[in-house]
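Following: one structure in structure tokens, then a few remarks.
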Number of protein chains: 2
Amino acid sequence: MTFYDNFLFEEIKKEDFNKMMCCFSPKIESFKRNEIVCDFGKNPGIIGIIRTGTAITVRNSVNGNRTILESLEEGDIFGEAFTVCDKLSDGIYVVCEEDCQVMFMDYRSILHPCSNGCISHSRLLENFFFMLARRSVMLSRRVELLSRRSIREKILCYLSMESCSQKSRKIRLPMSLSNLADYLCVDRSAMMRELKKLNDEKIILSEKKTVTILNSNIETEM
Amino acid sequence: MTFYDNFLFEEIKKEDFNKMMCCFSPKIESFKRNEIVCDFGKNPGIIGIIRTGTAITVRNSVNGNRTILESLEEGDIFGEAFTVCDKLSDGIYVVCEEDCQVMFMDYRSILHPCSNGCISHSRLLENFFFMLARRSVMLSRRVELLSRRSIREKILCYLSMESCSQKSRKIRLPMSLSNLADYLCVDRSAMMRELKKLNDEKIILSEKKTVTILNSNIETEM
DNA sequence: ATAAATCTGTTGCAATTGCAACAAAAGGAG
DNA sequence: CTCCTTTTGTTGCAATTGCAACAGATTTAT
């Protein structure tokens, strides 16, 4: 997969792409597991696109809690939403999970039509818009999840969402249980305890990274 | 304020606006306090713009918890992020706070250039993009807030954000304390208790809807 | 192959939080 | 002004959650 294959350049001709690249002057870098891809505290206004590999957006607070704000995969875009209040971007990083390659660009070069008058710029804008909309949807789901008041509700909400997107009652967890706890913003051991309870009550059946929803009226319980 | 004055139509000529309105076939409706402006469960794919008044996006879960997902003010746009998984839009409503007037449109009519070939459609798209970006930022902040593990951290995070956007240590709360508790997704009485503690510890000074941050290193405590 | 690191699974205990219930204050409607 | 609704402020108690600390399993690195 090349950067050209990214959804951002969908329906844009190769020559227009190359022309636009000159306007954007993008930087391409590679990262290994656990390396810091981007420190928002130091790079406000930057936009990155994951070409290969995976990464996570995390916040490390001074009292030692690590929170996973987002999971990033091939083709995902990051950065455009942390460009408001510098203070709040502090402690937020993108960290490489599986070795990845990333393209960095400046926020404004996408927004403003290039002086070269690249013909496909409006299409680019539209694509970017779609990506933002998708991101907005993802964030809404996240808020939806985090607004649940108890660990049980968070787990069930998460499973319901995954079940929905995986189109099956049998869900394969896309991350480790430790990371899931960080994602749900709860204590890992407390989450394990709750998972066990849900198993005992025969509401779910979980083994390793596979969870099956047994109780059919989960949606109505949330 | 007319709909034409909305940010969505920034830099779009009045005649182009009128022409586009034919393509969008928008519906304009008025609402009184506590009336349901929109039920996402019944209207997927709809987009609304608040012309006057205020509203909130809430989710009523069957076990009686009410969660405020968003506050909507004049010029705000809602709906575009709840168009994924129908099941999850269930129980989510926009409810009128202060009497308001709303314009409803179809999501797709903005995305796709009208067949009439309205000249300003690309500008409209760009404006819509900005609104989405702003929304994305807002949701990120929300996730940022809700990912805090304790009530104390949530309060301090909220105050820090408000202080940042109000550019002052003396903050005027834009909602009632009851609504703030719903916004932070915590029990109201527990929040009151924590507010009292913060006052006792001289970290904040709160009286009615005015809160002053006394301790200067709040950011580092989160 | 072996060591090191990470992840899973458990538990007791303490702290935080939610719940229920109430009284007082404030705000709106007639 | 007076009633009625909403909001604020409090508290005891029970339930949930986080913390700390393990041991075993699994994965990754050398």
Side-chain angles (χ1 to χ4, degrees), chain A residues 32-35 53-54 56 58 61 63-68 95-99 146-157 172-201 204-211 221, chain B residues 32-34 54 56 58 61 63-68 95-99 146-157 172-201 204-211 221:
Chain A
K32 292 198 179 300
R33 187 175 167 78
N34 291 328
E35 277 187 328
T54 59
I56 48 177
V58 299
S61 64
N63 48 20
N65 277 330
R66 193 183 76 134
T67 300
I68 296 187
V95 178
C96 174
E97 281 274 288
E98 297 161 52
D99 295 9
L146 293 181
S147 66
R148 307 290 166 165
R149 312 287 173 107
S150 64
I151 294 182
R152 170 174 290 236
E153 280 188 341
K154 282 179 178 175
I155 293 173
L156 292 178
C157 181
R172 178 137 193 89
L173 297 180
M175 57 179 117
S176 72
L177 290 171
S178 303
N179 278 351
L180 180 59
D182 286 340
Y183 184 76
L184 302 183
C185 298
V186 296
D187 180 73
R188 187 188 61 84
S189 66
M191 185 190 77
M192 298 297 284
R193 191 158 35 200
E194 201 59 44
L195 274 175
K196 204 182 165 210
K197 274 192 205 169
L198 287 167
N199 269 292
D200 291 348
E201 294 176 33
I204 65 169
L205 185 92
S206 70
E207 40 185 1
K208 290 176 183 175
K209 287 194 175 179
T210 309
V211 185
E221 289 196 5
Chain B
K32 291 200 180 297
R33 185 174 167 78
N34 291 329
T54 59
I56 48 176
V58 300
S61 63
N63 50 20
N65 275 330
R66 193 182 77 134
T67 300
I68 296 186
V95 179
C96 174
E97 283 274 288
E98 296 162 53
D99 295 9
L146 293 181
S147 66
R148 307 290 167 165
R149 311 287 173 107
S150 64
I151 294 181
R152 170 175 289 236
E153 281 189 341
K154 283 180 178 175
I155 293 173
L156 291 179
C157 182
R172 177 137 195 91
L173 298 180
M175 55 180 118
S176 71
L177 289 172
S178 304
N179 279 350
L180 180 59
D182 286 341
Y183 184 77
L184 301 184
C185 297
V186 296
D187 181 75
R188 185 189 62 85
S189 66
M191 186 190 78
M192 298 297 283
R193 190 158 33 198
E194 201 59 45
L195 274 175
K196 205 182 166 211
K197 274 192 203 170
L198 285 167
N199 269 292
D200 291 348
E201 294 176 32
I204 64 169
L205 186 93
S206 71
E207 41 186 359
K208 290 178 182 175
K209 288 194 174 178
T210 308
V211 185
E221 288 195 7

*For residues 178-187 of chain A, which residues have at least one heavy atom under 4.0 Å from DNA chain D?*
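Close to the strand are V186(A), D187(A).
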
*Near DNA chain D, which residues from residues 190-199 of chain B have a heavy atom under 4.0 Å away?*
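Heavy-atom cutoff 4.0 Å gives M192(B), R193(B), K196(B).
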
My understanding is that only residues two or more places apart in sequence, or in another chain, count here; which of them pass side-chain contact (heavy atoms from CB on, under 4.5 Å) with [X]?
X: K197(A); answer: R152(A), E194(A), E201(A)
X: S189(B); answer: D187(B)
X: S206(A); answer: N199(A), I204(A), V211(A)
X: R33(A); answer: E97(A), D99(A)

*Encode nucleotides 22-30 of chain C as B, S and - characters from 5' to 3', where the letter depends on protein heavy atoms closer than 4.0 Å: B to the base, S only to sugar-phosphate, - to neither.*
---------

Within this structure, what is the [atom1]-to-[atom2] distance between [X] and [N], rounded to whole angstrom?
X: I151(A); N: dT16(C); atom1: CD1; atom2: C1'; value: 12 Å
X: E207(A); N: dG9(C); atom1: CD; atom2: P; value: 11 Å
X: I155(B); N: dT16(C); atom1: CD1; atom2: P; value: 13 Å
X: M175(A); N: dT6(C); atom1: CE; atom2: P; value: 19 Å
X: E153(A); N: dT17(D); atom1: CD; atom2: C1'; value: 14 Å

*asked:* Restricting to salt bridge (charged side-chain N to carboxylate O under 4.0 Å, His left out), what partner residues turn up for E98(B), sequence neighbours left out?
replied: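 Not a single residue meets the salt bridge (charged side-chain N to carboxylate O under 4.0 Å, His left out) criterion with E98(B).
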
*Go through R149(B) and C185(A) one step at a time and tell me if the side chain to side chain contact (heavy atoms under 4.5 Å, CB included) criterion holds.*
CA-CA 7 Å; R149(B) 311 287 173 107; C185(A) 298; 4.1 Å; yes

*Please check if the side chain of K154(B) supplies one atom and the backbone of L184(B) the other of a donor-acceptor pair under 3.5 Å.*
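Here the side-chain-to-backbone pair exists.
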
*To 10°, what angle do the rotation axes through the five end pairs on each side of the helix from dA1(C)-dT30(D) to dG30(C)-dC1(D) form?*
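End-to-end axis angle: 70°.
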
